[in-house]
Novice: 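Sending over a structure as structure tokens; questions will come in a sec.
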There are 2 protein chains.
Amino acid sequence: MKLTSRSEYALLALVCLARHNADGYVSAETIALAQKIPLKFLEQILFALKRAKYLRSSKGQHGGYRLAKPADKIALAEVIRLFDGALAPTESVSKYFYESTPIEKEKNLVKVFKGIRDYVSETLEKTTIADVV
Amino acid sequence: MKLTSRSEYALLALVCLARHNADGYVSAETIALAQKIPLKFLEQILFALKRAKYLRSSKGQHGGYRLAKPADKIALAEVIRLFDGALAPTESVSKYFYESTPIEKEKNLVKVFKGIRDYVSETLEKTTIADVV
DNA sequence: ATAATCCCCATCAGTTTAGTAGGATAATCC
DNA sequence: GGATTATCCTACTAAACTGATGGGGATTAT
């Protein structure tokens with residue numbers, strides 16, 4: 001029940017980029033230093049964010065990354081999903097947890113976790129990078 | 001952001017035991033069959049639950065497990081914590097996420113995740129095994 | 001040219017997870 | 001008291017995941 005460092009770093013990087021959006025391209029190294037993220041690890045993450053169309057980039061001197069879409073169009077949920085997969089808090093392992101076992105299934109237990117999942121999902125879906133800058 | 005199978009199996013087992021609480025001791029094998037859990041794996045889990053005082057047991061013929069306390073005194077949170085550790089949805093990996101980096105920390109981001117953590121925590125804390133039986 | 005910077009994949013060590021194995025110990029039944 | 005049934009408890013393992021690190025190649029600005 002926690003974020004991976006990939007998701008966390010991605011969010012921090014996006015926040016950082018959103019904040020310096022007016023300054024043009026920001027290099028990976030700048031972000032790495034600002035947010036204390038290992039550079040080579042951050043590169044992977046930024047590249048993934050670019051592939052997923054959240055960033056655009058420019059090579060060479062004065063190159064770097066910048067947001068490819070407005071910060072208020074990037075939901076936290078999307079970012080987390082990109083790195084951590086589904087964010088349902090109970091993507092169940094046992095296939096009988098959600099599915100019906102012949103005789104009985106634990107409907108009420110499932111209901112509790114569905115409620116949590118929905119809350120988490122909605123919260124992260126409606127909160128954008130712009131909201132946290 | 002999901003439960004481990006250990007937590008899930010533990011909850012299923014507890015629900016099963018709560019349901020058959022009047023029938024005396026229920027063997028691990030019975031639970032394993034009812035909830036489709038690998039027997040030897042379940043044994044470990046039941047043993048852990050016993051060590052943590054949620055169950056009592058009896059060996060030998062007609063032995064098995066039963067609840068050691070009323071089902072309405074066992075919160076889902078306790079069980080999950082026992083197997084998965086802290087259930088905060090953002091027990092942050094990077095030490096600078098919650099802590100202040102000298103210049104800036106992402107207070108708003110932290111606020112969002114604290115909100116989620118609190119909701120999850122409260123929900124699981126107030127829901128008991130009795131509630132889901 | 002050359003220096004800066006992104007691009008992209010391969011590898012790795014450590015941890016966690018899910019599950020298996022096997023034998024010791026204790027209670028019950030005959 | 002011996003057979004049976006069950007829990008108790010430790011050790012092990014294969015696979016996946018996590019958090020990186022490393023090395024080069026491609027591209028662009030000066």
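On a predicted model such as this, the values are computed, not experimentally measured, just so you know. The analysis underlying the following values was restricted to heavy atoms, covering all of them including side chains, and did not include hydrogens, waters or symmetry mates. The sequence lines fix the lettering, A, B, ..., with proteins before strands; numbering per chain opens at 1.
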Novice: Is the phosphate of dG19(C) approached by Tyr9(B) (side-chain N or O, under 4.0 Å from OP1 or OP2)?
Specialist: yes
Novice: OP1 or OP2 of dT5(C) less than 4.0 angstrom from a side-chain nitrogen or oxygen of Ser27(A), does that happen here?
Specialist: no
Novice: Would you please confirm or rule out a distance under 4.0 Å between OP1 or OP2 of dC6(C) and any side-chain N or O of Lys50(A)?
Specialist: no
Novice: With a 4.0 Å cut-off on heavy atoms, is Tyr65(B) in touch with a base, just the backbone sugar-phosphate, or nothing at all?
Specialist: sugar-phosphate
Novice: Closest approach to the side chain of Gln44(A), judged atom by atom: which nucleotide of dA6(D), dA10(C), dC8(D) is it?
Specialist: dA10(C)
Novice: How do Ser58(B) and Phe41(A) order along DNA chain D: which one's closest nucleotide is nearer the 5' end?
Specialist: Ser58(B)
Novice: When you get a sec, tell me which of dA26(C), dT18(D), dA18(C) is the closest nucleotide to the side chain of Lys59(B)?
Specialist: dA26(C)
Novice: Any heavy-atom pair between the side chains of Tyr65(B) and Ser27(B) that's under 4.5 Å?
Specialist: no
Novice: What's the closest nucleotide to the Pro38(B) side chain, out of dC6(C), dG22(C), dG19(C)?
Specialist: dG19(C)
Novice: I'd like to check Val112(B) versus Leu76(A) (side-chain heavy atoms, cut-off strictly below 4.5 Å). Are they in contact?
Specialist: yes
Novice: Charged N to carboxylate O under 4.0 angstrom, Glu106(A) versus Lys111(A)?
Specialist: no
Novice: Measuring from the side chain of Arg6(B) (C-beta onward, heavy atoms only), which nucleotide among dC7(C), dA18(C), dT30(D) has the closest atom?
Specialist: dA18(C)
Novice: In terms of side-chain heavy atoms of Lys40(A), which of dC29(C), dT21(D), dA18(C) is nearest?
Specialist: dT21(D)
Novice: Take Glu43(B) and Phe83(B), find for each the nucleotide of DNA chain C with the closest heavy atom, and name the residue whose nucleotide sits nearer the 5' end.
Specialist: Phe83(B)
Novice: Taking the side chain of Glu29(A) as heavy atoms from C-beta outward, which of dC8(C), dT5(C), dC8(D) is closest to it?
Specialist: dT5(C)
